[in-house]
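In what follows, a single structure is set out as structure tokens and then discussed.
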Amino acid sequence: MCLYIASLNSGSNGNCYYIGNDNEAVLIDAGISCRETEKRMKRLALSMSKVKAIFVSHEHTDHISGIPVLSKKFQLPVYITSNTLKFSGLILEQHLINSFCAYQMVNVGELSITPFPKFHDACDPHSFIVAFNKTRIGIFTDIGIACEDVIKHFKQCNAAFLESNYDEEMLATGRYPYHLKKRIQSSDGHLSNDDALQLFITHRHSDMSHLILSHLSKNNNRPELVEELFSKHAGATKIVVASRYCETEVYAINNIDESYSETKTKQKHLQLSMF
Ligand SMILES: [Zn+2]
Ligand SMILES: [Zn+2]
């Protein structure tokens, strides 16, 4: 059994990432409306009945705006730190609120979700690794720098949603006010295309099958630019650029080591049964 992943939307206008196996799934953030989330999942033939929880990375509106309606309508537990909840202003049904702590794994059915802190201008921001069997998916958006934790976890991922927010040249020469440019570039801001590329080139897992470039700036980036930049270095990794207007396809992610050893084991059994 593998993991299925999709971006339902990615960017400063809303973020929502689906990760699940055949039986259960989680949403990382829910920053588009409930109606739009449902519509996009339906188009992808993903069932809301499999979604068992929403995990919240931080309190910025583009990550939380859909949560109140979505969690109420489908009675979905929301995993959110107490600080993020406080600063988000979210009103949620009490019995649906769950907290989490950095580095402490949360189990949702057979999925395990490990949060770890990240650098971003929010009160208590976290990235997540979602794992099933030995397959690991990382969700690394809204990060100012690829810190040690990001590097350590990125290395282990069979697939990742990785922020590639801005082209340095476009931001520098663009019309944003100076203070906003500084904020975006700071270690509490966002990763540039070059930052993301460096992380990918230097630290990717040898079996990374998919890299989904995420949270692209509308004004300081272009999807074609990101696609071209990463494709040159892709090797066997499929490069996908997540859109700020629509969902991606659903991608099936397997741990190649796992399927290889499964095949080996099956072959071994077959050989043994011949004698
Ligand atoms: Zn964001
Ligand atoms: Zn943010």
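In each ligand, atom 1 is the first atom listed, and ligand 1 is the first ligand listed.
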Using 30° and 60° as the class limits, which term best fits the ring planes of H58 and H63: parallel, tilted or perpendicular?
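Taking H63 first and then H58, their aromatic rings sit tilted (interplane angle of 30° to 60°).
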
Look at the aromatic rings of F161 and Y17 and report parallel, tilted or perpendicular, splitting at 30° and 60°.
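Taking Y17 first and then F161, their aromatic rings sit tilted (interplane angle of 30° to 60°).
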
Residue and atom names of protein N/O/S atoms that fall under 2.8 Å from the Zn ion (ligand 1):
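You should have found D62 OD2, H63 NE2, D142 OD2, H215 NE2.
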
CD/E148: more than 12 non-hydrogen atoms of other groups inside 6.0 Å:
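No.
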
Should the pair K42-E38 be classified as a salt bridge under the 4.0 Å nitrogen-to-oxygen rule?
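Salt bridge: no.
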
Is it true that F140 and H153 have ring centroids separated by less than 6.0 Å?
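Ring centroids of F140 and H153 are no less than 6.0 Å from each other.
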
Would you check if the side chain of K181 reaches a backbone N or O of G174 as a donor-acceptor pair within less than 3.5 Å?
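A pair under 3.5 Å: yes.
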
